[in-house]
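Data block below; observations after.
Both backbone and side-chain heavy atoms feed into the values below; hydrogens, waters and symmetry mates do not. A, B, ... follow the sequence lines: proteins, then strands. Residue 1 opens every chain.
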2 protein chains.
Amino acid sequence: MSKTRKISILGSTGSIGIQTLDVIEKLGDMFKINYLTINTRIDLLEPQILKFNPKGVVITDEKKYKEFKSTTSFKGKILSGEEGVIEAACDDTNDLLLTALVGFAGVIPTYHALQKGIDIALANKETLVSAGSIITKLANEKNAKILAVDSEHSAILQCLIGEDHNDIEKIILTASGGPCRTTLKSEFAKITVESALKHPNWSMGNKITIDSATMMNKGLEVIEAFWLFGLRIDQIETIIHPQSIIHSMVQFNDGSIKAQMGLPDMRVPISYALTYPKHSKFDFPRMDFEKFSTLTFEKTDLDKFECLQLAYIALKIGGTAPAIINAANEIAVQEFLNKNISFDKISYFISKALNTLEIIENPSLDELIDIDKLTRIFTLNEIKK
Amino acid sequence: MSKTRKISILGSTGSIGIQTLDVIEKLGDMFKINYLTINTRIDLLEPQILKFNPKGVVITDEKKYKEFKSTTSFKGKILSGEEGVIEAACDDTNDLLLTALVGFAGVIPTYHALQKGIDIALANKETLVSAGSIITKLANEKNAKILAVDSEHSAILQCLIGEDHNDIEKIILTASGGPCRTTLKSEFAKITVESALKHPNWSMGNKITIDSATMMNKGLEVIEAFWLFGLRIDQIETIIHPQSIIHSMVQFNDGSIKAQMGLPDMRVPISYALTYPKHSKFDFPRMDFEKFSTLTFEKTDLDKFECLQLAYIALKIGGTAPAIINAANEIAVQEFLNKNISFDKISYFISKALNTLEIIENPSLDELIDIDKLTRIFTLNEIKK
């Protein structure tokens, strides 16, 4: 861990990207930035370039790419488009790729990086949700690590360090319950975009915050955990824990439970993925048990949070089913954010896609890309009907 | 772990001994019993002999030894006295020694067993409290393991599996607060033996239950943790957690906390010590988060629980100071159980011994035995004044 490691960050101006750079800065010279990739926020990219002096940057948005190129004084490589992101991901000198892209877009660059045996710090859960079988198989073949950068899977990873996989009885993913935990299901139709974006504990991007409100977030995490930890579906449970202090738990064969806890601060799972398996010294605010003197738990209501139930169903169906619910969810959430559908219709349109579209049992990556596109078109059409 | 391991159990008819045999029975042929040692309860020993067919037994009480010998049909070795216990502890065929003796009596046989390189499952906390320096040094020299058989240190051990010792920021020992948690300090003088023996969560022996009421139990555990985990004193904290579900926690350098949880069931830490580092399959009752839906925490009040404060002070003083408070505590608790002193006077007499008796900086085992005896005489004299 003493030699400087080279890292590229896909999505450096998003919430996770920004916090990752904060962690990297605190780690001193442990990391050197290869590539930073962004979509549109060139205003945020400029100060990142000044501070971290990357080898290159990628701006996927064509217009912003041109604007950036004509104004910047940056002397490194400037790439654009998805091809640019793939080039950044696969750069031969990458020791680690942190991928914080949103949605299915994260799958392809990760796939290509894994083919080169590059370790992945994965903040894009759709990669495993949609292409879990292909991605984990490839990682095993190439002996590359996939380290989860979200609080729940990082918690599980931390709890499993030094443990025998065969000793696991089950894992328990905690869920805050999101902004709609106490809202009755009968009120779901009336939930506004503004209220659904008010997450009680975590500061995250819009898509993931809505996923938290529908609990699809937890559903995607269940699927992700299935692939990350090689468990049976019945070994993956969820529980509502409104304080978001316990980030997840593992129960072993003797009934002993290990939990990972702390203040809700994404920099902890980020730093753990970056310096795994070390807990490097950081001055992040510490948990204060006098302040958080009460931790509570509630059963997860699968009847109320239909998106979570759909995720379990899709995982049981297997094949392209998780990719379908993931793609349908992305469209439905976007259309909810665009105020084209009501909150309760998110699960309705996902269910519609899952029930209508053909399931392929062992899809290739190309088939997954096709089903992703097809599901988006189908769902958008359904919404516009 | 597949070959049968030979174990001797010191204190087989006590609370821990009985539960250890329950665990061993559930483990099938993983263990073969070498020796069972008891003090007086020959009525409980007979069925243990029938079930586990040990190589030998030890009855330390001379009268009960004679009674047993003249009535039993047991064909194995029957030994008596402390020499008998030492012989059982040191038996060359022991793979593991579980020592569940109460008080300072546990130190000597453990010392002798360690000299033969036998691993120790340690349920006698006074061994490390009084002779931590000597015992841990010897264990290191002989490359023998000391595995704690109490819920707190087992929790820490489980949380530290696979972790780098240098990554530890601190450990947090949880305490139920015992039967006197909500009792005002001004009421301590009026606490009866009967009420002090009513522990809210754990079923344990009398001595340890009173130690829980005074929180000396936690004090002894702080000292034990100091030796077991090689930490600085300021890295060992305590917190009141009345539900006894979280058994202890470790906080790492990144602020991440790992906690070990479960129902209060001593068979979990016992089985962990027996099959370490495996979590073997057991049907112990599982934690139900709907039943224990609220976990709470309170600051430990060192002004109220003077015994806990005295333990920290003794640890800071070092040398024979912890042995002094341990011996004084044993006498004071016994005299409280005998209704010769009031509850609030337990800490008073411990403090008296600590402040009066000479401290030796690097005591030998013989000096520790002497100071133990001396402290007992001194404390008893003080009480009888």
Side-chain angles (χ1 to χ4, degrees), chain A residues 23 154-155 158-164 166-170 172 174 237 239-241 245-247 249-263 265 267-272 275 277-299, chain B residues 23 154-155 158-164 166-170 172 174 237 239-241 245-247 249-263 265 267-272 275 277-299:
Chain A
V23 167
S154 178
Q158 292 180 52
C159 290
L160 288 179
I161 273 284
E163 300 285 0
D164 182 341
N166 296 316
D167 289 353
I168 305 171
E169 188 164 275
K170 65 180 181 184
I172 306 166
T174 54
E237 292 184 2
I239 195 166
I240 305 266
H241 167 50
I245 294 297
I246 294 183
H247 301 313
M249 304 183 256
V250 176
Q251 182 166 309
F252 297 94
N253 282 336
D254 54 2
S256 175
I257 296 170
K258 264 167 45 179
Q260 187 270 340
M261 308 164 75
L263 296 177
D265 184 338
R267 293 173 302 177
V268 177
I270 290 168
S271 64
Y272 191 69
T275 71
K278 258 199 93 58
H279 297 274
S280 296
K281 213 165 183 63
F282 285 102
D283 60 355
F284 307 140
R286 293 318 195 230
M287 168 72 179
D288 177 352
F289 284 95
E290 283 180 72
K291 200 170 158 196
F292 293 89
S293 63
T294 304
L295 303 180
T296 64
F297 306 93
E298 299 164 17
K299 198 182 150 90
Chain B
V23 167
S154 178
Q158 292 180 51
C159 290
L160 288 179
I161 273 285
E163 299 285 1
D164 183 340
N166 296 316
D167 289 354
I168 305 172
E169 186 164 276
K170 65 179 181 184
I172 307 166
T174 54
E237 292 184 3
I239 195 166
I240 305 265
H241 167 50
I245 294 297
I246 294 183
H247 300 313
M249 304 184 255
V250 177
Q251 182 165 310
F252 297 95
N253 281 337
D254 53 2
S256 175
I257 295 170
K258 262 163 57 172
Q260 187 270 338
M261 308 164 75
L263 296 177
D265 184 337
R267 294 174 302 176
V268 176
I270 289 168
S271 63
Y272 191 69
T275 71
K278 257 199 93 59
H279 296 275
S280 297
K281 213 166 182 62
F282 285 101
D283 60 356
F284 307 140
R286 295 313 197 235
M287 169 72 180
D288 177 353
F289 283 96
E290 283 180 72
K291 202 170 158 197
F292 293 90
S293 63
T294 304
L295 303 180
T296 64
F297 306 92
E298 299 164 18
K299 197 181 152 91

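Taken from NE2 in B:His247 to CG in B:Leu263, the straight-line distance is 7.5 Å, to the nearest 0.5 Å.
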**Q.** Step-by-step side-chain contact (heavy atoms from CB on, under 4.5 Å) determination, A:Arg267 to A:Phe282
**A.** CA-CA 9 Å; A:Arg267 293 173 302 177; A:Phe282 285 102; over 6 Å; no
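Options B:Ile257, B:Ile245, B:Asn166 differ in how many heavy-atom pairs under 4.5 Å they form with chain A, and the most are formed by B:Ile257. With chain A as partner, the option from B:Gly262, B:Ala259, B:Gly162 having the largest number of non-hydrogen pairs under 4.5 angstrom is B:Ala259. Per-residue heavy-atom pair counts under 4.5 Å with chain B were compared for A:Asp164, A:Thr296, A:Ile168, and the maximum is reached by A:Thr296. Chain A forms more heavy-atom pairs under 4.5 Å with one residue of B:Pro285, B:Ser271, B:Ser280, B:Cys159 than with any other, namely B:Ser280. Taking chain B as the reference chain and counting heavy-atom pairs below 4.5 Å, the highest number among A:Ser293, A:Ser154, A:Gly255 is found for A:Ser293.
Of the atoms belonging to A:Ile172, it is side-chain heavy atoms, and not backbone ones, that fall under 4.5 Å from chain B. Within the 4.5 angstrom heavy-atom criterion, atoms from both the backbone and the side chain of B:Thr294 approach chain A. Heavy-atom distances place both the backbone and the side chain of A:Phe289 under 4.5 Å from chain B. When heavy atoms are compared at a cutoff of 4.5 Å, B:Phe252 approaches chain A by way of both its backbone and its side chain. B:Ile246 touches chain A through its side chain: at least one heavy atom from C-beta onward sits under 4.5 Å away, while N, CA, C and O do not. For chain B, the nearby parts of A:Glu163 are the backbone and the side chain; heavy atoms of each come within less than 4.5 Å. The part of B:Ile239 that comes within reach of chain A is its side chain, from C-beta onward, which places non-hydrogen atoms under 4.5 angstrom from that chain.
Across every non-hydrogen atom of A:Met249 and A:Thr174, the tightest pair is CE-CG2, 4.0 Å. Closest approach of B:Leu295 to B:Met261, counting heavy atoms only: CD1-CE, 3.7 Å. Counting all heavy atoms, side chain and backbone alike, B:Asp254 lies closest to A:Val268 at O-CG2, 3.8 Å. For the pair A:Asp167 and B:Pro277, the tightest heavy-atom approach, listed with the atom from each and the gap, is OD2-O, 4.4 Å.
Side chains of B:Ser256 and A:Gln260: a donor-acceptor N/O pair is present below 3.5 angstrom, by distance only.
Screening residues 284-295 of chain A for salt bridge (Lys or Arg N to Asp or Glu O under 4.0 Å), with sequence neighbours left out, gives A:Arg286-B:Glu169.
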